Number of protein chains: 2
Amino acid sequence: MNKPVKNDGTVGKALEILDAVAMYERPVRFSELLEQSPYPKATLYRFLQTLTNQKFLEYDQTAGTYSLGIRLMRLAHTAWKTASLAPIARPHTEELVAKVGETVHLAQLDNGQVLFIDKLRATDRFQTLAQVGQVAPAYCTGVGKAMLAFIAPKRLQIVLQQQSFYKFTPATHTSVASLNQELECVRKDGIAFDREEHEQGINSIATPILSSSGRLIGAISIATATNRFDCEALMQFKGSLLETAKKIGEDATSWQFPS
Amino acid sequence: MNKPVKNDGTVGKALEILDAVAMYERPVRFSELLEQSPYPKATLYRFLQTLTNQKFLEYDQTAGTYSLGIRLMRLAHTAWKTASLAPIARPHTEELVAKVGETVHLAQLDNGQVLFIDKLRATDRFQTLAQVGQVAPAYCTGVGKAMLAFIAPKRLQIVLQQQSFYKFTPATHTSVASLNQELECVRKDGIAFDREEHEQGINSIATPILSSSGRLIGAISIATATNRFDCEALMQFKGSLLETAKKIGEDATSWQFPS
DNA sequence: AGATTGAGTTTCAATTAATGAAACCAAAAT
DNA sequence: ATTTTGGTTTCATTAATTGAAACTCAATCT
């Protein structure tokens with residue numbers, strides 16, 4: 001007899017405004033937010049004031065715009081340090097970078113999406129790779145597919161149902177059938193590929209991180225520009241990648257993955 | 001006739017709980033939070049539930065602990081991308097790293113503290129340098145002193161009054177007098193030093209970033225292990241550092257620094 | 001210039017949600 | 001077996017949220 005959810009009172013409403021502001025990905029005016037808002041003027045106005053006071057939003061006096069505030073960065077840093085897999089994995093990911101000399105990504109699954117929680121750049125050759133806190137769809141990234149392959153079948157169904165398949169590049173697979181086929185390969189082989197499916201010119205090989213009890217807790221990938229290595233060439237690092245994932249899994253066994 | 005502030009109602013109270021959780025820097029139990037909390041059991045309980053529902057906190061079922069949630073990382077990433085100086089500065093900081101081959105930090109002043117908003121590692125030699133979102137006191141960091149030297153005198157007074165001077169290393173200066181003296185040098189010379197004052201074995205030279213109208217908007221530094229360069233040796237990069245700060249300042253002139 | 005529109009801000013009584021003392025429950029400690 | 005500790009739920013009281021409407025100020029139109 002679950003309540004219809006979404007009943008987090010005043011606080012919940014206020015927090016959802018943060019998402020609304022984030023959505024725009026640029027400073028946004030009061031009136032723009034008002035259009036999207038289910039709340040009347042005065043109510044929205046007070047929410048924005050409160051969030052600004054609390055430094056969760058930042059108000060630009062001269063432009064009359066709101067953007068996400070500085071306090072979020074402070075809190076997120078603490079979250080990263082104390083509640084993410086990243087610090088635990090660091091020694092091992094560092095080692096992997098040193099060994100293979102290419103960029104390594106660490107990610108978790110968050111609500112069917114990939115959330116990148118660490119990025120170790122081996123070279124300064126290109127800048128467009130994922131950043132900490134960035135999200136990406138699971139169906140077209142290496143780490144995403146690595147993780148989807150190891151969640152419960154019924155959860156997978158739900159995730160895929162909610163997913164809209166956007167064709168980021170010509171190489172993006174957008175059918176559930178081909179995805180399922182790929183996931184099957186991942187389960188057999190332990191390796192997921194991303195052949196420029198999310199970003200043109202970038203490919204990667206990825207593997208899930210499993211706790212010693214077999215529960216999925218994240219994924220790591222080695223990513224590189226296609227003109228340096230293609231996926232087949234990246235497979236020379238397969239051994240190191242799997243080994244790293246195994247070590248992280250062991251170290252992280254006590255650690256709880258968010259549901 | 002300013003109200004006594006701190007009157008942000010239910011939402012404000014809830015958000016302050018996030019800080020309380022962050023303070024511990026580890027997963028924390030309900031009862032621990034209750035001790036510190038001004039609210040009665042039931043109230044705190046409901047706040048925690050709401051924040052957890054909203055993914056601002058994460059509840060570990062088996063350990064019975066709360067930690068900061070994943071949604072903070074997503075939001076912070078957007079904040080970084082859309083509301084911080086970092087993306088604007090990136091081309092120039094990248095260029096600086098390429099030129100000097102040492103780590104470059106970008107920081108803002110947040111309420112008298114230094115907030116690091118970007119970090120470009122040139123080498124993988126050491127890992128202990130600042131991370132994005134990390135905060136540090138202003139009085140004992142290069143970027144901090146660079147910025148303190150260029151805020152309004154009365155604001156400086158307030159900041160120094162609120163500051164407690166902790167001796168992080170043997171080299172940390174803890175007197176207002178010596179700090180003022182240093183700030184004077186920064187104003188003349190444009191360069192602030194950190195000679196292992198915050199972290200043992202790490203030193204840096206820093207310079208403020210000023211908008212074309214002369215307003216302070218941040219600071220950049222070149223940081224390195226002392227066994228690679230000492231401050232005197234780092235001064236060979238002074239020209240590049242100043243030039244980079246100037247370019248960033250020009251590009252960022254339209255950008256609003258949070259009060 | 002004077003009028004008008006539009007964006008943002010403030011007021012206030014009705015309404016609704018937050019509050020917190022106390023009861024309750026489960027699991028661990030004695 | 002009993003008590004204590006730590007966490008969760010209840011419910012009448014209390015206090016805060018709500019939102020229609022009035023207002024302000026600046027920009028735009030006539």
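Each chain gets a letter, A, B and so on, in the order the sequences are listed, and its residues count up from 1. The structure presented is a predicted model; accordingly, all values stated were derived computationally and were not measured.
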Subject >> B:His77 side chain reached by B:Met73 side chain, heavy atoms, under 4.5 Å >> reply: no
**OP:** Please state how far atom CG in B:Leu44 lies from atom P in D:dG7, giving the value in whole angstrom units.
**Re:** 11 Å
**OP:** Could you tell me the separation between the CG atom of A:Asp60 and the C1' atom of C:dG8, rounded to a whole number of Å?
**Re:** 15 Å
Subject >> Nearest-angstrom distance from the residue atom CG of A:Leu34 to P of C:dG8 >> reply: 9 Å
Original post:
D:dG6 C1' sits how many Å from B:Leu33 CG, rounded?
Top reply: 13 Å
Original post:
Is any side-chain N or O of A:Tyr45 closer than 4.0 Å to OP1 or OP2 of C:dT9?
Top reply: yes
Subject >> Salt-bridge contact A:Asp19-B:Arg74 (side-chain N to carboxylate O under 4.0 Å) >> reply: no
Subject >> Nucleotide C:dG8, atom P - distance to CG of A:Leu48 in whole Å >> reply: 10 Å
Original post:
Roughly how far, to the nearest 0.5 Å, is CD of B:Gln113 from CE of B:Met147?
Top reply: 11.0 Å
Original post:
Should the ring pair A:Phe168 and A:Tyr166 be called parallel, tilted or perpendicular, given that the plane angle runs from 0 to 90° and is split at 30 and 60?
Top reply: perpendicular
Original post:
Once each nucleotide of nucleotides 16-24 of chain D is scored for protein heavy atoms under 4.0 Å, what B/S/- sequence comes out, 5' to 3'?
Top reply: SSBBB----
Original post:
In a check of side-chain contact (heavy atoms from CB on, under 4.5 Å) between B:Leu115 and each of B:Val143, B:Leu106, B:Leu109, B:Val135, which one passes?
Top reply: B:Val135
Original post:
For B:Gln61 and C:dA26, what is the distance between atoms CD and C1' respectively, to the nearest whole Å?
Top reply: 13 Å
Original post:
Going by heavy atoms in the side chains, are A:Asp251 and A:Lys247 under 4.5 Å from each other?
Top reply: no
**OP:** Round to the nearest Å and state the distance from A:Glu35 atom CD to C:dG8 atom C1'.
**Re:** 14 Å
